[in-house]
Amino acid sequence: MAKTSKIGPGPDVLLDWYRQNGRALPWRINSGRAPSPYHTWLSEIMLQQTGVATVIAYYQRFITRWPNVEALAQASEDEVLGEWAGLGYYSRARNLLKCARRVADDHKGIFPADLAALKALPGIGEYTANAIRAIAFDLPANVVDGNVERVMARVFAYDQPVNLPAGKKEIQAIAGRIAPDEYSGDYAQALMDLGATICTPRKPQCPLCPWRDACRAYALSLTETIPVMRKRPKLPLRHAAVFVLRDEAGRYLLRQRPASGLLGGMWEFPSSPWDKKGDKKGDKNNLAGGFAEDQAAYAPVPISSLYKLPRKLVHVFTHFRLDLDIYVNLPSLPTEISAKGSWFYPAALPALPTLSKKVLNEARKILGDTP
DNA sequence: AATGCGGGGCA
DNA sequence: TGCCCAGCATT
């Protein structure tokens, strides 16, 4: 029996549920033993703000190419970013490599189990440090991610917003009070699986929940209203023109983004700046006014020689929405282009972020250049 | 404490 | 279309 707290639900019924219903995920499989720190760390970094279904294929490719932290530490940043392309939040990929090198160089290739030492590593914060401690080392930890927040908020009928720093802090304190001091890895993963499969954001499956009898939100019929989420403001709109250009050899023109910031270091098609409409003129009423001229100014070739796709492309980032007009050059490009960037044959394109893949896919419908 | 940072799934 | 989601770093 795991030691139970005097308040709230007990861990044993949850652990029993997990052993019957836990998900079989690639990073959990280690012939009945705790997964290695490397596998735990890699999966947890990928899972930051990213769903299991999306992560699995990336995780498999990473461990195939780089089976251990020493191997990853020897990779180049371009190689890691290339494998990461499409996963989003690209600073995670840079920090992943920095962290691997720090573990290799400063820790002799062995991940530390100490909480402060883990949090000192790039890309590892409060949640990830605790997750590694629990899952890889089976040491006492307080593992609180978005799933656990939701479970705790419901079980304790916490009626304040959980997506604000103050609420997160309170939930974390509550979770810490009922965390057992053994079976830490199973308990952490059980909580996350419960949140992912039973205690879901909408329509939780309470009849199947091992903690139903202890759940205050269930007793009060508040499972649809708890957790309370502060509403997110509507996303501002930006838009731009993007240029998909091919030379006589059929190569595409791409440029590399600055190393930091949005889509840092990733390749993309040249575009005008992602301005808000009329922003340049400081005149919100002057909508299309100077914008079309600005688009033309950033085209690597005369914009009148390009074909504008009839459909706009919409892409949503974390904090704004981007509407793109896509321009392509039809059959042949008349002259050499002196624009900054590099030419790539279709079969040798660098790994592209999802936005650029969407642009390419739209352009290819017109160009007839099927991948 | 607030902000910047992707992408996918779902109703 | 809007809402939700397995966080961390920077300021």
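As the structure is a computational prediction, the values presented were derived from the model and not from experiment. Below, read A as the first sequence line, B as the second, and so on, with proteins coming before strands; counting in each chain starts at 1.
DNA chain B is contacted by both A:R230 and A:H315; A:R230 maps to the nucleotide lying nearer its 5′ end (nearest heavy atom per residue). Place A:N95 and A:K234 on DNA chain C by their nearest nucleotides, and A:K234 ends up nearer the 5' end. The residue among A:L355 and A:P165 whose nearest nucleotide of DNA chain B lies closer to the 5′ end is A:P165.
A cation-pi contact, defined as under 6.0 Å to the ring centre and within 45° of the axis, is absent between A:R102 and A:W41. Judged by the 6.0 Å and 45° rule, A:R251 forms no cation-pi pair with A:F344. Cation-pi check for A:R133 over A:F137 is not met; the charged atom does not lie both under 6.0 angstrom from the ring centroid and within 45 degrees of its normal. Taking the ring axis of A:Y183 as reference, the NZ or CZ atom of A:R19 stays within 45° of it and closer than 6.0 Å to the ring centre.
A:R257 places no side-chain N or O within 3.5 Å of a backbone atom of A:G264 that could act as its donor or acceptor partner. For the pair A:R212 (side chain) and A:Y218 (backbone), a donor-acceptor distance under 3.5 Å is absent. Using modelled atom types, no side-chain atom of A:R246 and backbone atom of A:V328 make a donor-acceptor pair closer than 3.5 Å. Under a 3.5 Å cut-off, the side chain of A:T50 and the backbone N or O of A:Q48 do form a donor-acceptor pair. With hydrogens and angles disregarded, no donor-acceptor distance shorter than 3.5 Å links the side chain of A:N130 to the backbone of A:A141.
Residue A:R232 places none of its side-chain N or O atoms closer than 4.0 Å to OP1 or OP2 of C:dC5. A:R150 has a side-chain polar atom (N or O) that falls below the 4.0 Å cut-off from OP1 or OP2 of C:dA6.
The residue A:G264 sits apart from the nucleic acid: no heavy atom pair falls under 4.0 Å. Nucleic acid contact for A:S43: none, since no nucleic acid atom lies under 4.0 Å from a heavy atom of the residue. Looking at heavy-atom distances under 4.0 Å, A:G195 makes no contact with the nucleic acid at all. Using a 4.0 Å heavy-atom criterion, one finds that A:L235 contacts no nucleic acid atom at all.
Taking a pair as Watson-Crick or G-U wobble with both distances under 3.5 Å, DNA chain B forms stems of 3 or more consecutive pairs at B:1-5 with C:7-11, B:7-11 with C:1-5.
For A:W267 and A:Y252, the gap between ring centers reaches or exceeds 6.0 Å. Aromatic pair A:Y327/A:F243: centroids less than 6.0 angstrom apart. Taking the six-membered ring for Trp and the full ring otherwise, the centers of A:H315 and A:F317 sit less than 6.0 Å from each other.
A heavy-atom distance below 4.5 Å is not found between the side chains of A:N147 and A:L191.
When rounded to the nearest whole Å, the span between CG of A:N163 and P of C:dC5 equals 8 Å. Rounded to a whole Å, the CE atom of A:M192 is 10 Å from the P atom of C:dG7. Atom pair A:H39:NE2 and C:dA6:P shows a separation of 24 Å (rounding to whole Å applied). A:Q189 has its CD atom 12 Å from the C1' atom of C:dA6, to the nearest Å. Taking atom CH2 of residue A:W84 and atom P of nucleotide C:dC8, one finds them 12 Å apart after rounding to whole Å. Look at CG on A:D323: it is 9 Å from P on C:dT1, rounded to the nearest Å.
Among C:dC5, C:dA6, C:dC4, the nucleotide with an atom closest to any side-chain atom of A:R202 is C:dC4.
Using a 4.0 Å cut-off on heavy atoms, the residues of residues 131-148 of chain A that approach DNA chain C are A:D145, A:G146, A:N147, listed by number. Residues from residues 114-127 of chain A with heavy atoms under 4.0 angstrom of DNA chain C, sorted by number: A:L121, A:P122, A:G123, A:I124, A:G125, A:E126, A:Y127. Listed by residue number, A:Q49, A:T50, A:T54 are the residues of residues 44-72 of chain A with a heavy-atom contact under 4.0 Å to DNA chain B.
First and last contacts of DNA chain B with chain A, using any nucleotide atom under 4.0 Å from a protein heavy atom and ordered 5' to 3', fall at B:dA1 to B:dG8.
Residue A:R28 places no side-chain atom within donor-acceptor reach of the base of C:dA6, judged by atom type and a 3.5 Å distance cut-off alone.
For A:A297, there are no side-chain contact (heavy atoms from CB on, under 4.5 Å) partners at least two apart in sequence or on another chain.
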Requested in this report: Test A:R23 against A:D193 for salt bridge (Lys or Arg N to Asp or Glu O under 4.0 Å), laying out the working first.
Outcome: CA-CA 7 Å; A:R23 295 172 293 178; A:D193 278 22; 2.8 Å; yes
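The same atom, C1', is picked in C:dC5 and in B:dG6; the two are 12 Å apart, to the nearest Å.
For the 3.5 Å distance criterion, the side chains of A:E44 and A:Y127 qualify, holding a donor opposite an acceptor.
We find the CG-CD1 distance between A:N95 and A:I45 to be 8.0 Å, quoted to the nearest 0.5 Å.
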